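One structure, pasted below without further comment.
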Amino acid sequence: MSLLRAPILLLARSTKVKQLVSTMPVSSGIVTGYVPGETTADAVRATQGLVDNDLLATLDYLGEDTTDVAHAEATVAAYKDVLAELSARGLASKAEVSVKLSAIGQFLPDQGHKVALENAREICRAARNAGTTVTLDMEDHTTTDSTLSILRELRKDFPETGAVLQAMLHRTEADCRALAYEGSRVRLCKGAYMEPEEVAFQDKVDIDKSYVRCLKALLGGQGYPMIATHDPRMVHIATSLASRFGRRAGTYEFQMLFGIRPEEQKRLAAAGETMRVYIPYGTEWYGYLMRRLAEKPQNLAFFARSLVSKK
Ligand SMILES: Cc1cc2nc3c(=O)[nH]c(=O)nc-3n(C[C@H](O)[C@H](O)[C@H](O)COP(=O)(O)OP(=O)(O)OC[C@H]3O[C@@H](n4cnc5c(N)ncnc54)[C@H](O)[C@@H]3O)c2cc1C
């Protein structure tokens, strides 16, 4: 991991920094590099652009850490809106949605677990009616048990619901084995949050080694692995392991984020791999943008210039 990752993620928690950054228009270069727009129409347009290039999509209506019920309900409505639009445009077989449970009520006092589960159910129902699926994003380690427990509940009625596991957590190799059963869709990523050393690997080398062990567990298992990484080494190792485990194309997929390594996304699709791109959209892009900047501190100079010029 970059030495600047932790300080940037810490700074991102400051309300002052948040106020300053959030006044940047979504049209400023640094934001549009990662977020194609704020509306359902923007998200659907970006999806169509990807589909035209033989790529699949998963759409994330941005938002996290919601603490009021109305806000959580508005997020559910936004998902239903985009799902209806995907269906109307014949895009539902090419695009699913990714949902953060903290955006739909997981942190509400007392009732959080129940509200998030009910809201997630509503989105899963809308996704199924539209002809597509939901994947539950994974947030910081304090939410892992609650998120996996909601996943288990949801899968009773919606077994197609996808999970996300983060290789940086010590527990994840075991979680991969537990979730590598038939029909189980599991996205493996490295993990985007600042985590303490009691629960997470801190060095890039250790995180990468864990990622490979998790890949072996998922690709060697019976489920449907979704390999979410931009790391050329991890992509190469995943391709070799898929072939070693006799995995045919279509029994697993690669995933990358909108705006990151777009040429590699097209190259993998052209090579016959299933490639899905994660499209974040909406007005609440702050947390997402700061995590992306923390991963790529080289972007900081560009970012600082955008702040100063406020274009
Ligand atoms: C589809 C998808 C879904 C995800 N869902 C989650 C989730 O639910 N929970 C979660 O914690 N994390 C999630 N992540 C983020 C993930 O955990 C990592 O933080 C992120 O993908 C960076 O790790 P990496 O595997 O690309 O490897 P890294 O070692 O970080 O990066 C490898 C290379 O990728 C390129 N790259 C990486 N990041 C950037 C960037 N921001 N800008 C430009 N180039 C970059 C660079 O060339 C870099 O050298 C998701 C990632 C993807 C692709």
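Excluded from the calculations below are hydrogen atoms, water molecules and symmetry mates; all remaining heavy atoms, backbone and side chain alike, are included. As the structure lists them, so they are numbered: ligands from 1, and atoms in each ligand from 1. Position 1 is the first residue of the sequence; numbering continues from there. Treat the numbers as computed from the prediction; the structure is a model and nothing was measured.
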Inset, instruction - Check each atom of ligand 1 against the heavy atoms of K204 and keep those under 4.0 Å away; list them by number with element. - result: 29 (O)

Inset, instruction - Tell me yes or no: between the side chains of T229 and D231, is some donor less than 3.5 Å from an acceptor? - result: no

Inset, instruction - Flag T229 as yes when one of its N or O atoms lies below 3.5 Å from any N or O atom of ligand 1, and as no otherwise. - result: yes

Inset, instruction - Answer yes if the side chains of Y281 and D60 hold a donor-acceptor pair under 3.5 Å, and no otherwise. - result: no

Legend entry - R177/E173 salt bridge by N-O under 4.0 Å criterion: yes

Legend entry - Side-chain donor or acceptor of T66 paired with backbone N/O of H71 under 3.5 Å: no

Legend entry - Atoms in ligand 1 flagged as close to D137, the criterion being non-hydrogen separation under 4.0 Å: 8 (O)

Inset, instruction - Examine ligand 1 and decide if any of its atoms is less than 4.0 Å from a heavy atom belonging to Y34. - result: yes

Legend entry - H141/Y193 aromatic ring centres below 6.0 Å: no

Inset, instruction - Check ligand 1 against K296 and write out every atom of the ligand that is under 4.0 Å from a heavy-atom position of the residue. - result: 40 (C), 41 (N), 42 (N), 43 (C), 44 (N), 45 (C), 46 (C), 47 (O)

Legend entry - Y288 six-ring face occupied by R291 cation (under 6.0 Å, within 45°): no

Inset, instruction - Decide, yes or no, whether a salt bridge links R125 with D157 under the criterion of side-chain N to carboxylate O below 4.0 Å. - result: no

Legend entry - Close side-chain approach of M234 to D208, heavy-atom, < 4.5 Å: yes

Inset, instruction - Considering the heavy atoms of Q255, write down every atom of ligand 1 situated less than 4.0 Å from one of them. - result: 1 (C), 53 (C)

Legend entry - Within-cut-off N or O pair, R187 and ligand 1, under 3.5 Å: yes

Inset, instruction - Ignoring angles and geometry beyond distance, decide whether R292 reaches within less than 3.5 Å of ligand 1 through its nitrogen or oxygen atoms. - result: yes

Inset, instruction - Could you tell me whether ligand 1 has any atom less than 4.0 Å away from a heavy atom of R291? - result: no

Inset, instruction - Just let me know how R276 lines up against ligand 1, side chain, backbone, both or neither, with a heavy-atom cut-off below 4.0 Å. - result: neither

Inset, instruction - Using distance alone, decide if ligand 1 has a nitrogen or oxygen within less than 3.5 Å of any nitrogen or oxygen in M138. - result: yes

Inset, instruction - Return a yes/no value for M256: is any of its N or O atoms, backbone included, closer than 3.5 angstrom to an N or O of ligand 1? - result: no

Inset, instruction - Could you tell me whether I260 approaches ligand 1 through its side chain, its backbone, both or neither, with non-hydrogen atoms closer than 4.0 Å? - result: side chain

Inset, instruction - Verify the ring-centre separation between Y34 and F258: is it less than 6.0 angstrom? - result: no

Inset, instruction - Using distance alone, decide if ligand 1 has a nitrogen or oxygen within less than 3.5 Å of any nitrogen or oxygen in C189. - result: no

Legend entry - Closest to atom 19 (O) of ligand 1 among E295, E253, Q166, H230 (heavy-atom distance): E295

Legend entry - N or O contact, K190 vs ligand 1, cut-off under 3.5 Å: yes

Legend entry - Straight-line distance of I150 CD1 to D145 CG, nearest 0.5 Å: 11.5 Å

Legend entry - Option nearest atom 17 (O) of ligand 1 (shortest heavy-atom distance, choices A294, A228, P232, G191): G191

Inset, instruction - Answer yes if the side chains of T133 and R128 hold a donor-acceptor pair under 3.5 Å, and no otherwise. - result: no

